Amino acid sequence: MENIKSKKIALITGATSGIGEATAKKLASKFSLILCGRRQEKLTVLSKSLSNLTTVKTLTFDVRDKDDVAAKFKELEGKWKNIDILINNAGNAHGMDFIHEGDIEDWDMMIDTNVKGLLYVSKEVLKIMVKNNRGHIINIGSIAGKEVYPKGNIYCASKFAVDAISQGMRIDLNKHNIKVSQINPGLVETNFSMVRFKDDKERSKAVYKDVNPLVSEDIANVIDYVISSPENVNISDITVLSKSQASSTVINRG
Ligand code: NDP
Ligand code: 8X3
């Protein structure tokens, strides 16, 4: 195993499940990893399973809690402070209702996690990247941040915000030598729909029925490709769909 001193450091939020977990596994042979999520037990299991490939540090926090986010970053010591790559992946949809029937708690959850949480984590990491005059931020957007679909309203709004934040970051961080990329997946079969539909298995399964959807590893491969591109290249914005999906609403179910 390479020493942490010679490996770049990648921090992944939402590493306990789905795209984040697959990305941790994909990147383990190349990077030292800081894996983040709310569920410490999942992070511990993942961290142990990768320990033959790389050095791993885990940070447990809810991205919505700005004081805890700041406190956890203060705990980073020595080389772990020099984060080279930030993958802003933590996020979810909560509910899927017509706008006049939406639940305010669901709205708060999506805006607080997908938008404000991404900002709180980025704020801490940017202190490091700007000081070091280097870095690469990968924001996980969504096709929902490019096209609004029926009942997508606030989830789409949160991902449109990620799109604007990615563009704003790219502009403002340009002179600080920091790359900013956004990856926008279409339907990926993860725990996403179980969270969105509050553990309703039937509703959740129906989303991916007869679609042959993307899987987490497909997005992990794209993330790896984006961060492995040559120093002079920045893949700024990439949308990734399964073959059966043409847009948010045009999906070939056979
Ligand atoms: P999962 O539900 O499988 O994973 C979501 C991850 O986000 C978990 O690791 C979870 O960790 C973390 N997370 C959620 N809320 C918080 C929070 N408040 N604080 C810290 N971590 C949090 O879904 P996906 O892997 O599919 O989702 C990952 C990203 O991809 C999201 O941003 C999602 O919007 C985006 N995306 C997903 C698509 C899909 O179809 N699946 C398509 C397009 C984009 P924990 O519970 O441990 O905190
Ligand atoms: C997840 C994709 O189409 O369910 O961001 O909103 S979708």
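Whatever order the structure lists ligands and atoms in, that order sets their numbers, starting from 1. From a predicted model like this one, the values you see are computed outputs, not experimental measurements.
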Among all protein heavy atoms, pick out the one at the shortest distance from [atom]; state its residue, atom name and that distance to 0.1 Å.
{"atom": "atom 8 (C) of ligand 1", "result": "T16 OG1, 3.5 Å"}
{"atom": "atom 43 (C) of ligand 1", "result": "P185 O, 3.2 Å"}
{"atom": "atom 41 (N) of ligand 1", "result": "V188 O, 3.0 Å"}
{"atom": "atom 46 (O) of ligand 1", "result": "R38 NH2, 3.0 Å"}
{"atom": "atom 6 (O) of ligand 2", "result": "Y149 OH, 2.6 Å"}
{"atom": "atom 36 (N) of ligand 1", "result": "Y155 OH, 3.9 Å"}
{"atom": "atom 44 (C) of ligand 1", "result": "G141 O, 3.2 Å"}
{"atom": "atom 31 (C) of ligand 1", "result": "N89 O, 3.2 Å"}
{"atom": "atom 21 (N) of ligand 1", "result": "A90 CB, 3.7 Å"}

- [ ] Following the transitive rule for hydrophobic clusters with a side-chain heavy-atom cut-off under 4.5 Å over Ile, Leu, Val, Met, Phe, Trp and Tyr, establish whether V222 and F31 coincide in one cluster.
- [x] yes

TODO: Is it possible for you to say whether L241 and I238 belong to one hydrophobic cluster, with membership spreading through side-chain heavy-atom contacts below 4.5 Å?
DONE: no

Please list, in number order, the atoms of ligand 2 under 4.0 Å from a heavy atom of [X].
{"X": "S142", "result": "1 (C), 2 (C), 5 (O)"}
{"X": "R196", "result": "4 (O)"}
{"X": "A144", "result": "6 (O)"}

Is there side-chain contact between [X] and [Y], with heavy atoms separated by less than 4.5 Å?
{"X": "L126", "Y": "L173", "result": "yes"}
{"X": "N88", "Y": "V162", "result": "no"}
{"X": "Y149", "Y": "S247", "result": "no"}
{"X": "K127", "Y": "K131", "result": "no"}
{"X": "L86", "Y": "S122", "result": "yes"}
{"X": "L214", "Y": "V240", "result": "yes"}
{"X": "P185", "Y": "D218", "result": "no"}
{"X": "D199", "Y": "M194", "result": "yes"}

Task: Spacing of D106 atom CG and N92 atom CG [to the nearest 0.5 Å] - done: 11.0 Å

Counting heavy atoms only, which of [options] is nearest [atom]?
{"atom": "atom 2 (O) of ligand 1", "options": "L35, L43, I143, N92", "result": "N92"}
{"atom": "atom 27 (O) of ligand 1", "options": "G91, G14, G18", "result": "G91"}
{"atom": "atom 42 (C) of ligand 1", "options": "G186, S17, S158", "result": "G186"}
{"atom": "atom 26 (O) of ligand 1", "options": "T190, V121, N88", "result": "T190"}

Open item on the list: Are any of the N/O atoms on Y155, whether in the backbone or the side chain, positioned under 3.5 angstrom from an N/O atom of ligand 2?
Closed with: yes

- [ ] Using distance alone, decide if ligand 2 has a nitrogen or oxygen within less than 3.5 Å of any nitrogen or oxygen in S248.
- [x] no

Judging by distance only, is a nitrogen or oxygen of [X] under 3.5 angstrom from one on ligand 1?
{"X": "G20", "result": "no"}
{"X": "Y208", "result": "no"}
{"X": "G37", "result": "no"}
{"X": "I140", "result": "no"}
{"X": "V195", "result": "no"}
{"X": "S142", "result": "no"}

Using distance only, find each side-chain donor-acceptor pair of residues 67-77 under 3.5 Å and give its atom names and separation, not counting sequence neighbours.
residue, atom, partner, partner atom, Å
D68, OD1, K72, NZ, 3.2
D68, OD2, K72, NZ, 3.2
K72, NZ, T60, O, 2.9

Task: Candidate list Q40, R39, E41, K42, test side chain to side chain donor-acceptor pair (under 3.5 Å), partner T16, passing option - done: R39

Open item on the list: Could you report the tightest heavy-atom contact between E189 and S216, atom names first, then the distance?
Closed with: O-OG, 4.4 Å

Task: Pairs satisfying side chain to side chain donor-acceptor pair (under 3.5 Å), at least one member in residues 176-185, at least two apart - done: H136-S181, D163-Q182, S166-Q182, S181-N234, Q182-N184, Q182-D237, N184-D237, N184-T239

Can you find a non-hydrogen atom of [X] under 4.0 Å from ligand 1?
{"X": "R64", "result": "yes"}
{"X": "E189", "result": "no"}
{"X": "T13", "result": "no"}

Open item on the list: So that I know where these two stand, are F61 and Y120 an aromatic pair - ring centroids less than 6.0 Å apart?
Closed with: no

With heavy atoms only and a cut-off of under 4.0 Å, state how [X] meets ligand 1: side chain, backbone, both or neither.
{"X": "M194", "result": "neither"}
{"X": "Y120", "result": "neither"}
{"X": "N191", "result": "both"}

Task: K26 side chain to N221 side chain, donor-acceptor N/O pair below 3.5 angstrom - done: yes

Task: Whether over 12 other heavy atoms sit under 6.0 Å from K146 NZ - done: yes

Open item on the list: Give the atom numbers and elements of ligand 1 that come within less than 4.0 Å of a heavy atom of L187.
Closed with: 40 (O)

